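Residue numbers begin at 1 in each chain, while the letters A, B, ... track the order of the sequences. These numbers were taken from a predicted model, which means no experiment stands behind them.
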Amino acid sequence: MEFVMFFATAAIALIGALAMVLSPNAVHSALFLLLNFAAISVLFLLLRSPFLFAIQLTVYAGAIMVLFLFVVMLLGAERADATQDRLAWQRPLALGLALVLLIEAVFISVTTIPQTPAVASPEAEAFAAPANLGSVLLTTYVLPLQITGIILLVAIVGVVVLNQRARLRHSLELEQK
Amino acid sequence: MNIAFPDINMLVILPLIVIFGSALALLLIDLFFIPAGNKKITGYLALAGLLFTGLAGVPLWGMEESSFSGMVVVDTFALTLNVIFIIIAAITIIISLDYLPRQGIEQGEFYPLILFATGSFVLLAQSTNLILIFLGIELLSITLYVLTGFAYPRLSSEEAAMKYLLLGAFAAGFFVYGIALIYGETMTVDLNQIRLYLTELESSSTAAVPGPTLLLIGGALVLIAFSFKIALVPFHMWTPDVYEGAPTPVTAFMSVGTKGAALAALIRIVTIALPTVQDAWVPVLAVLAAATMIVGNVGAVAQTNVKRMLAYSSVGHAGYIVLGVVAMSAHGIEAFLFYLLAYSLTNLGAFAVIIVLEQRGESAWSLDDFSGLGQRQPMLAVAMALFMLSLAGVPPTAGYLGKFFVFAAAWESGLGWLVLIGVITSAIAIFFYLRIIVRMFMHEPVRDVQPALHRSITWTIAVAAGAVLLFGFMPNLFIDLAQRSVIALGG
């Protein structure tokens, strides 16, 4: 049963990813990416980590997708330009390389990876539990957590600085008129 | 649920606390207390913050301890680097004091951002954990994206920030993927434990147990990310455009600080975690260094824009500094530290001269501006000539000794071919450095350039020139310090 579930979700994830790349409409691409995210979150559920399932849905499918769609619509960049692709010669090259990579991956997975699926150990089940995640973040990884906070602060300050500059230029242009 | 706290020794991260604390405080002070027309005060306060950070290192001297579950260490290597980073940041702030208002881009946030970037240098010099190193690189990058775009209305600055952001995002992707693969192989992100894993693997190595393939692939990806940050060929494509577009003090800061901090983290990774798999990465890094020296110096020959020429020259110098890392010896680390100090002082001095000559809104930085400078501003021209000679590696300057030390270290480690390439490219480099000196002393002035010589920047140039000469004559002043840091690193 689990096996069937896995293949169904994996297939949906792959289809979503392919359709996202191939779709000429940016909004459609974003929506296919959403499908891909949702399928991957189900994969997390199959791996018995409900917390990561919820995080994947809320953070990626929720917050980040909304941001994507917002930017795409704000820029009015829904349609890809139909102009001549200047890097057209790269396409066959990329397809060839991708094919090589695929063959390699299949070869390695057939020859080396053990055929019996790994059984989830109790440790693995507790691995991504919210309580464990929280305690690890506040003990072992307390310093990285603080540094992350500083990074976010710097990013906010940066946005404010650059935005102020844009407004300054705008007011200068108004004065000149 | 029982939560066990690990041992935490706040002393270990004292310099970090001081510099991030002063950056945070400065953000608030600047917002509420510093009037809009007088942002220089923020700059002076930032200098005070740097001073305190330097003082915070004093009681730690000689200490050798790790804390936060082995994520950060404090040792003489880190503290020596801290001194260099503080000097770099202080010079950057002083040369910005008059530059920013002159270019009409003065904003108080500039100085706290420089402090945040310097904090990330300190963090990189101290971390022994891949996750922390990644966060340090990200903090550094995000700060520099903003600083590069600080002259935002100017198109070249906007373009530079955009290019840097896009390529930096790629590099971050490579880094994370590399860490994931390394974790997949070793089940740890701690550098010491990676070393333990590798020695264990080596002792139990039989035909049935394959080598650490995943770790090597991951290591290669991490190396790519570092190459982006240090600007090693072929990952240097962004460098000329970004260095040209960024405000000149930021270019000066990036060209020395980023390289130093990223290389410090790289040295920690290779000396702590990967000494047992030397055969895998030393040749790769050696080839990167060779390509970097060749492309950087040959590329600089064709430039008539002085700022762009210095950008190419900084690519070339990254190659020379990496020689100290590939040597994988105590002398190599010493050479790295000395070269970093010599190159920082020289390059910051050279950029300070460019700032003096830079007119408002102009983005040409043409060689013509230097024509006849020897007649109009003899002292300035002599200082610039000294910096150029030091960059070219002509005795008796600090740059000459730096080059000598890295070449000697590489030679001792049996990398003779690399030394040969280094010497040949240095000879090529003399051409374009001498061209500026010839322009200054043997040509008539082409156009009128009013040098903006304020007291602070004049003193900075004088001190930098003096230091370049001082370390050229008496390298022992710094070598002792460097030797002690090597002992601390277990080299």
Side-chain angles (χ1 to χ4, degrees), chain A residues 52 64 68 71 75 101 104-105 107-109 111-114 118 121 123-124 126-176, chain B residues 1-6 8 12-13 16-17 20 23-24 27 31 67-72 104-105 107-110 112-113 115-117 119-120 123 126-127 129-147 149-154 157-158 161 189-190 210 213:
Chain A
L52 285 185
I64 291 183
F68 264 155
V71 170
L75 293 177
L101 203 66
E104 268 180 49
F107 177 74
I108 291 172
S109 63
T111 52
T112 58
I113 292 177
S121 62
E123 279 169 38
F127 182 69
N132 285 355
L133 212 61
S135 78
V136 163
L137 271 185
L138 289 177
T139 55
T140 317
Y141 292 97
V142 63
L143 188 62
L145 189 72
Q146 299 294 329
I147 303 287
T148 312
I150 292 179
I151 292 179
L152 291 177
L153 177 77
V154 167
I156 294 170
V157 171
V159 169
V160 172
V161 166
L162 293 180
N163 194 30
Q164 242 174 10
R165 195 48 66 62
R167 243 182 298 160
L168 244 130
R169 173 167 69 171
H170 189 67
S171 61
L172 269 180
E173 275 166 5
L174 282 184
E175 266 176 41
Q176 278 166 2
Chain B
M1 182 164 180
N2 199 3
I3 296 175
F5 276 96
I8 285 176
V12 173
I13 56 164
L16 269 182
I17 296 177
F20 283 138
L24 292 172
L27 268 181
L31 185 61
S67 188
F68 288 93
S69 331
M71 282 185 187
V72 280
I105 54 171
Q107 232 170 311
E109 287 84 356
F110 182 87
L113 282 172
L115 286 191
F116 277 121
S120 74
L123 178 68
Q126 286 196 301
S127 4
N129 183 299
L130 285 176
I131 289 188
L132 212 53
I133 292 177
F134 171 70
L135 289 176
I137 295 252
E138 277 312 284
L139 178 56
L140 166 71
S141 308
I142 290 176
T143 324
L144 285 179
Y145 303 148
V146 179
L147 286 174
F150 212 80
Y152 174 48
R154 208 176 67 211
S157 171
E158 200 178 332
V189 284
D190 186 280
T213 319

Exercise. Can you tell me how far the OG1 atom of A:T140 sits from the CZ atom of B:F68, to the nearest 0.5 Å?
Worked result: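 If we round to the nearest 0.5 Å, A:T140:OG1 and B:F68:CZ are 12.0 Å apart.
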
Exercise. CD of B:Q107 to CG of A:L162: how many Å apart, nearest 0.5 Å?
Worked result: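 The distance works out to 8.5 Å.
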
Chain A heavy atoms under 4.5 Å from [X]: which part of the residue, side chain, backbone, both or neither?
X: B:L139; answer: both
X: B:L147; answer: neither
X: B:A23; answer: neither
X: B:Y145; answer: neither
X: B:L135; answer: both

Exercise. Do B:N129 and A:L143 pass the side-chain contact (heavy atoms from CB on, under 4.5 Å) test, and can you show the C-alpha distance, the side-chain angles, and the key distance before you say yes or no?
Worked result: CA-CA 11 Å; B:N129 183 299; A:L143 188 62; over 6 Å; no

Exercise. So which of B:L113, B:L123, B:L16, B:L132 has the biggest tally of heavy-atom pairs under 4.5 Å with chain A?
Worked result: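 Heavy-atom pairs under 4.5 Å are most numerous for B:L132.
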
For this session: Mind running side-chain contact (heavy atoms from CB on, under 4.5 Å) on A:V154 and B:V146 for me, showing each step along the way?
Result: CA-CA 9 Å; A:V154 167; B:V146 179; 5.5 Å; no

Exercise. Would you call A:V157 and B:F116 a side-chain contact if the rule is heavy atoms closer than 4.5 Å?
Worked result: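 The answer is no, as the side chains (C-beta and beyond) never meet within the 4.5 Å cut-off.
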
Exercise. Side chain, backbone, both or neither: which part of A:L152 has an atom under 4.5 Å from a heavy atom of chain B?
Worked result: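 Answer is neither: A:L152 stays 4.5 Å or more from chain B.
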
